[in-house]
Amino acid sequence: MVLVKPSKTFNKELENVLAYTLAEFGGTTVKRFNKEYSKISKRLATHPLSSPTELLLKRFPRLYRSAIIRKNWKIIYRYDDVYDRVVLVDLWDMRRNPQTLVRQFKKKL
């Protein structure tokens with residue numbers, strides 16, 4: 001099994017998403033989000049290359065992949081085969097302009 005390690009950026013985005021979701025949609029929606037996030041984390045721990053390559057980030061030196069959570073969110077991650085771990089890099093709202101997300105991603109790296 002592979003270690004799934006969220007980055008600081010990912011954790012910060014996750015906190016923001018959960019706080020917003022709780023305020024706007026309630027606890028039930030937060031529970032659903034967490035359940036799906038947990039399911040994706042377990043899948044990545046057993047099959048780290050199961051999600052497709054993120055095409056918006058193909059020009060970056062590392063290979064990034066993405067997993068969709070709750071229709072509107074995308075977990076951006078990379079598999080580090082040297083240390084045999086999955087690093088959760090960022091959490092994106094797919095309703096936003098993709099180019100804005102790429103520019104934002106560049107700043108975080």
Side-chain angles (χ1 to χ4, degrees):
M1 245 170 119
V2 176
L3 173 68
V4 177
K5 182 181 178 193
S7 68
K8 290 179 184 179
T9 302
F10 179 85
N11 281 335
K12 182 180 174 187
E13 287 297 321
L14 182 62
E15 283 180 28
N16 292 340
V17 167
L18 293 177
Y20 172 77
T21 302
L22 181 62
E24 294 296 319
F25 304 106
T28 303
T29 305
V30 170
K31 286 179 187 175
R32 288 181 189 144
F33 188 95
N34 281 330
K35 185 176 179 182
E36 212 167 310
Y37 169 64
S38 176
K39 200 186 300 185
I40 289 172
S41 293
K42 287 177 186 175
R43 184 190 59 169
L44 292 178
T46 55
H47 305 289
L49 303 176
S50 63
S51 295
T53 302
E54 180 54 51
L55 296 177
L56 291 172
L57 303 175
K58 66 183 176 187
R59 62 185 165 170
F60 286 86
R62 290 188 171 150
L63 179 67
Y64 292 96
R65 297 179 175 274
S66 61
I68 296 175
I69 180 171
R70 300 289 304 157
K71 298 180 186 176
N72 294 326
W73 299 95
K74 189 181 280 193
I75 296 172
I76 305 297
Y77 73 94
R78 63 181 168 81
Y79 174 61
D80 189 351
D81 56 351
V82 173
Y83 296 105
D84 198 30
R85 68 179 173 197
V86 169
V87 180
L88 304 179
V89 180
D90 206 353
L91 184 64
W92 285 1
D93 184 347
M94 295 187 311
R95 297 168 288 189
R96 293 181 60 199
N97 181 343
Q99 293 309 314
T100 303
L101 293 172
V102 171
R103 282 194 300 271
Q104 177 184 341
F105 188 80
K106 279 183 183 177
K107 291 178 185 177
K108 291 178 182 179
L109 293 179

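Connection of Met94 to Ile69 is not established within any shared hydrophobic cluster, with ILVMFWY side chains joined at heavy-atom distances below 4.5 Å, either directly or through further cluster members. Under the 4.5 Å side-chain heavy-atom criterion for Ile, Leu, Val, Met, Phe, Trp and Tyr, Leu18 and Phe25 are members of distinct hydrophobic clusters.
Residue pairs satisfying the salt bridge (Lys or Arg N to Asp or Glu O under 4.0 Å) criterion with at least one member in residues 49-64, sequence neighbours excluded, are listed as follows: Glu54-Lys74. The list of side chain to side chain donor-acceptor pair (under 3.5 Å) pairs with a residue in residues 15-38, not counting sequence neighbours, is empty.
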One pair to check against side-chain contact (heavy atoms from CB on, under 4.5 Å): Lys12 and Ser7. What are the steps and the verdict? CA-CA 9 Å; Lys12 182 180 174 187; Ser7 68; over 6 Å; no
For a side-chain contact (heavy atoms from CB on, under 4.5 Å) check, start with the C-alpha distance between Trp73 and Phe33, then their side-chain angles and the critical distance, and finish with the verdict. CA-CA 10 Å; Trp73 299 95; Phe33 188 95; 3.7 Å; yes
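Here Arg95 pairs with Asp93 under the salt bridge (charged side-chain N to carboxylate O under 4.0 Å, His left out) rule; sequence neighbours left out. Shown here are the side chain to side chain contact (heavy atoms under 4.5 Å, CB included) partners of Ala45, two or more places apart in sequence or in another chain: Met1, Val4.
One distance of note links OG of Ser66 with CG of Leu56; it measures 8.5 Å at 0.5 Å rounding. Remark: Arg78 CZ to Tyr64 OH distance equals 6.0 Å, nearest 0.5 Å. Interatomic distance, OG1 of Thr100 versus CZ of Arg103, reported as 4.5 Å (0.5 Å rounding).
Between Tyr77 and Ala67 the shortest heavy-atom distance is CE2-N, 4.4 Å.
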For residues 81-92, please give each side-chain donor-acceptor pair under 3.5 Å, one per line with the distance, not counting sequence neighbours.
from  : atom 1 : to     : atom 2 : distance (Å)
Asp84 : OD1    : Tyr79  : OH     : 2.6
Asp90 : OD1    : Lys108 : NZ     : 3.2
Asp90 : OD2    : Trp92  : NE1    : 3.0
Asp90 : OD2    : Lys108 : NZ     : 3.2

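Applying the 4.5 Å side-chain rule to ILVMFWY residues, one finds that Leu63 remains a lone member of its cluster.
Each of Ile76, Thr53, Ile75 was evaluated against Arg65; a single residue qualifies, Thr53, per the side chain to side chain contact (heavy atoms under 4.5 Å, CB included) test.
Looking at Pro6 and Leu14, their side chains never come closer than 4.5 Å, going by heavy atoms from C-beta outward.
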